[in-house]
A.B. asks: 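After the structure tokens below, expect a handful of questions from me.
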There are 2 protein chains.
Amino acid sequence: MKKKSIKDIAQDLGLSKTTVSFVLNNKGDEKNISKKTQKKILDYVREVDYQPNQIAKSLKKGKTNTIGYLVPDISNPFFAKIGRLLEDHFWEKGYHLLIGSTDENKDKETQVLNMFVNRQVDALIVASCFIQSDAIKSLLSQDFPLVFFDREDPEIEANYILVENKISMKNAVESAIDSKSQKLGLISLTPDVYSLKNRIEGYKMALENNKIDFDKELIRIVDNNNLKKGTEKELKFLIESGVDTVVFTNNQIAVIAIWLMNTYYKDKVNAIKFVSFDNVDLFDYSMPKVISVAQPIEKIAMHTTDIIEEILRSKKSENKRIELTPKLIERK
Amino acid sequence: MKKKSIKDIAQDLGLSKTTVSFVLNNKGDEKNISKKTQKKILDYVREVDYQPNQIAKSLKKGKTNTIGYLVPDISNPFFAKIGRLLEDHFWEKGYHLLIGSTDENKDKETQVLNMFVNRQVDALIVASCFIQSDAIKSLLSQDFPLVFFDREDPEIEANYILVENKISMKNAVESAIDSKSQKLGLISLTPDVYSLKNRIEGYKMALENNKIDFDKELIRIVDNNNLKKGTEKELKFLIESGVDTVVFTNNQIAVIAIWLMNTYYKDKVNAIKFVSFDNVDLFDYSMPKVISVAQPIEKIAMHTTDIIEEILRSKKSENKRIELTPKLIERK
DNA sequence: TTGAAAGCGCTAACAA
DNA sequence: TTGTTAGCGCTTTCAA
């Protein structure tokens, strides 16, 4: 049995498409369709299990009820959890999530972005690696509903949901510093996004506040394309340099480093402290001890949905920049 | 500047929609469009940054190049990682992933499923809680491209990507049993899916093989809607019953239990062994020690994509049932 | 070598 | 109270 369209229904029932369409969209009363006709349609529709074609509806209405969620990696717990919260929230409102992972790759980001737009997503939620791209600028100039989170480019006016990167990192690092912890190294992904830059600034600030000399050599950068190998190399360097504390600017490299420590430097596991931005469950149980900065995931999701809904409702937006305060988690 | 459609392009250039469409779809040569015209179109399209409307294309072609990915919870690392692999793979082929989390809720599953179908997804990848639902039966009877993974219903003929639940669980439990580990409890989600049933069977089989009496009381079921509270209650019961080993049928409850142990039963952490289906990074570092069964995530994703592609290509499918072998991870 | 026109399934203004 | 019709943006057959 082939799938019925609204036309089939109308024909089968000897009615017009209009009438059927009105009833199916709960406009029966408003449009003065007789109760009898309404019932006839509704019953028949149930009987043949009619399923409206949303694509046709979308084309007609210019609205797809989908939202693009573009992140570096959907399997990163931080993005997965936020994704889940967004999904739940938007599901309530009749929206679906189209997901795309970019691996921090500019080309892929642009491609996915374009595909999302071609697919007529109604809004975009983006943790972008490259806010200054033409694709994004063009969207922004058309007032396309768009919220950035986790990433910022101060030169670009837009909606941003962020956390206080600098201060939080400063606090976290300071809480690690004590008489036995005076030589602190840092490992980061390439800091071509401002959040990472600011986290590194926070690290520097903490050193300064505690009169610890800043040693440029102890800031190690890992290339995005080669996370495991890169982290291994830089961790080795720092350990051989005799650091007592390693600071990480995001969870990914911290998790890799924990694995490395337990695999190759088991003997040093008690002698070294870790500090990491982003919190993951693992930190509760792992060695070395990790002081971490937990991002307020629920709040990030909440503000994001708030802004998007407002734009979708009112069709306009004054750009908002919301900065949330993460939570410091110390582990003794 | 309003978005240009193919009609606008045609008008601006004094050509017909047909010609423009042919060229844009790389059929210029095939359709004998002159090089000059082709170049004119291509140049103009680039100039005005024309983006084709995929919705219109989809409606016309009856193909959306989207695939629905329906799982209990996209933020569960198991489903998130598989999701990522699927996304990468299908992206190469020009497909996108629409995601839906069901929380093991039958109603939500049906609703999301229907929405996916209404949105004309080209295929579905489902870790379903309720394979016997009318919605699924109806899809199956229409030969809708559909692959189940992680879940099975032997009464329903379909494509399944599974792992050997029973044997693997048996092996894992047996590897836990020794002179000091003789009283083994089990905590599971409601086993209304076969994979969980089989894992419980595996547990029983291990006991039997080792001549340990099976005590029905030591199998504890946690309701899906109340995971944390439920796990807390059942773990307490088992500990008070004096078990020396706790077996979990999936990672979710095991992770919760690890947290509970470290929070409320710190003193017992060294005296108890955990066995869990599904592996997560956390297990490498947590106490109690966890013996876990790691699902072959890459292989699951690979076989899933293989089957879907074959169906999409050939329009037909003899149902396949692929059972993969997970890896036992012992931690001493 | 190019164009006219029908139609994918739906909505909604207008007519009856 | 219900129906006719145009059209959303695209593809593709058939004609020129």
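These values consider heavy atoms only, across backbone and side chains, with no hydrogens, waters or symmetry-generated copies. To find a chain, count down the sequence lines: A is the first, B the second, and so on, and within it residues start at 1.
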A.B. asks: State whether B:Ser21 places a side-chain N or O below 4.0 Å from either non-bridging phosphate oxygen (OP1 or OP2) of D:dT11.
C.D. replies: yes
A.B. asks: Taking NZ from A:Lys61 and C1' from C:dC10, how many angstroms apart are they, rounded to a whole number?
C.D. replies: 10 Å
A.B. asks: Within the 3.5 Å criterion, strictly below it, is a donor on B:Thr19 or B:Ser16 matched to an acceptor on the partner's side chain?
C.D. replies: yes
A.B. asks: Reckon A:Thr19 has a side-chain N or O less than 4.0 Å from the OP1 or OP2 of D:dT2?
C.D. replies: no
A.B. asks: Would you tell me if any nitrogen or oxygen in the side chain of A:Ser5 comes within less than 4.0 Å of OP1 or OP2 on C:dG9?
C.D. replies: no
A.B. asks: For A:Lys17 and for A:Lys31, find the nucleotide of DNA chain C with the closest heavy atom, then tell me which residue's nucleotide is more 5'.
C.D. replies: A:Lys17
A.B. asks: Over all strands shown, is A:Gly28 touching base, sugar-phosphate only, or nothing at heavy-atom distances under 4.0 angstrom?
C.D. replies: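 Nothing, no nucleic acid heavy atom in range.
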A.B. asks: Measure from CZ on B:Arg119 to C1' on C:dG9 and round the result to the nearest Å.
C.D. replies: 16 Å
A.B. asks: Does this structure show an ion pair linking B:Asp73 with A:Arg84, if we count only N-O contacts that are shorter than 4.0 Å?
C.D. replies: yes
A.B. asks: Could you state the CG-C1' distance from A:Leu59 to C:dT11, rounded to the nearest angstrom?
C.D. replies: 11 Å
A.B. asks: Less than 3.5 Å apart, any donor N or O on the side chain of A:Gln142 or A:Ser138 sitting next to an acceptor on the other?
C.D. replies: yes
A.B. asks: Within this structure, what is the CZ-CD distance for the pair B:Arg151 and B:Glu104, rounded to the nearest 0.5 Å?
C.D. replies: 4.0 Å
A.B. asks: Using a cut-off of 4.0 Å on non-hydrogen atoms, how would the nucleic acid contact of A:Lys63 be classed: base, sugar-phosphate, or nothing?
C.D. replies: nothing
A.B. asks: Could you check how far CD of A:Gln120 sits from C1' of D:dG9, rounded to whole Å?
C.D. replies: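 After rounding, the reported distance stands at 9 Å.
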A.B. asks: What's A:Lys35 touching, base or sugar-phosphate or nothing? Going by heavy atoms closer than 4.0 Å.
C.D. replies: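 The answer is nothing, as A:Lys35 stays clear of every strand by at least 4.0 Å.
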A.B. asks: Classify B:Leu15 by what it touches in the nucleic acid, base, sugar-phosphate, or nothing, heavy-atom distance under 4.0 Å.
C.D. replies: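 If one applies the 4.0 Å heavy-atom cut-off, B:Leu15 turns out to touch the sugar-phosphate alone, with no base involved.
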A.B. asks: With DNA chain C as reference, determine whether B:Thr18 or B:Lys60 sits nearer its 5' end, using the nearest nucleotide of each.
C.D. replies: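 Looking at DNA chain C, the more 5' nearest nucleotide goes with B:Thr18.
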A.B. asks: Salt bridge check, A:Lys3 against A:Asp8: does any charged N sit closer than 4.0 Å to a carboxylate O?
C.D. replies: no
A.B. asks: Please tell me if B:Asn25 has a side-chain N or O lying less than 4.0 Å from either OP1 or OP2 of D:dT11.
C.D. replies: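 Yes, such a contact exists.
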A.B. asks: Figure out the NZ/C1' separation between B:Lys7 and D:dG9, and round it to whole Å.
C.D. replies: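 Taking NZ of B:Lys7 and C1' of D:dG9, I get 9 Å after rounding.
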A.B. asks: Once you round it to whole Å, what is the distance between C1' of C:dA16 and CG of A:Asn32?
C.D. replies: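 Checked: the CG to C1' distance equals 15 Å.
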A.B. asks: May I ask you to say what B:Ser58 touches in the nucleic acid, namely base, sugar-phosphate or nothing, with a heavy-atom cut-off under 4.0 Å?
C.D. replies: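 Since no nucleic acid heavy atom lies under 4.0 Å of B:Ser58, the category is nothing.
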A.B. asks: What's the NZ-C1' distance between A:Lys3 and C:dG9, to the nearest Å?
C.D. replies: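 Atom NZ in A:Lys3 sits about 12 Å away from atom C1' in C:dG9.
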A.B. asks: Surrounding CD of B:Glu323 (heavy atoms of other residues, nucleotides or ligands, distance under 6.0 Å), is the total greater than 12?
C.D. replies: yes
A.B. asks: Distance check needed: D:dC10 C1' versus B:Gln51 CD, whole Å only.
C.D. replies: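 Atom CD in B:Gln51 sits about 15 Å away from atom C1' in D:dC10.
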A.B. asks: Looking at B:Tyr50, does any N or O in its side chain come under 4.0 Å of the phosphate oxygens OP1/OP2 on D:dC10?
C.D. replies: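 Yes, such a contact exists.
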A.B. asks: How would you label the contact of B:Asn53 with the nucleic acid (heavy atoms, under 4.0 Å): base, sugar-phosphate, or nothing?
C.D. replies: sugar-phosphate
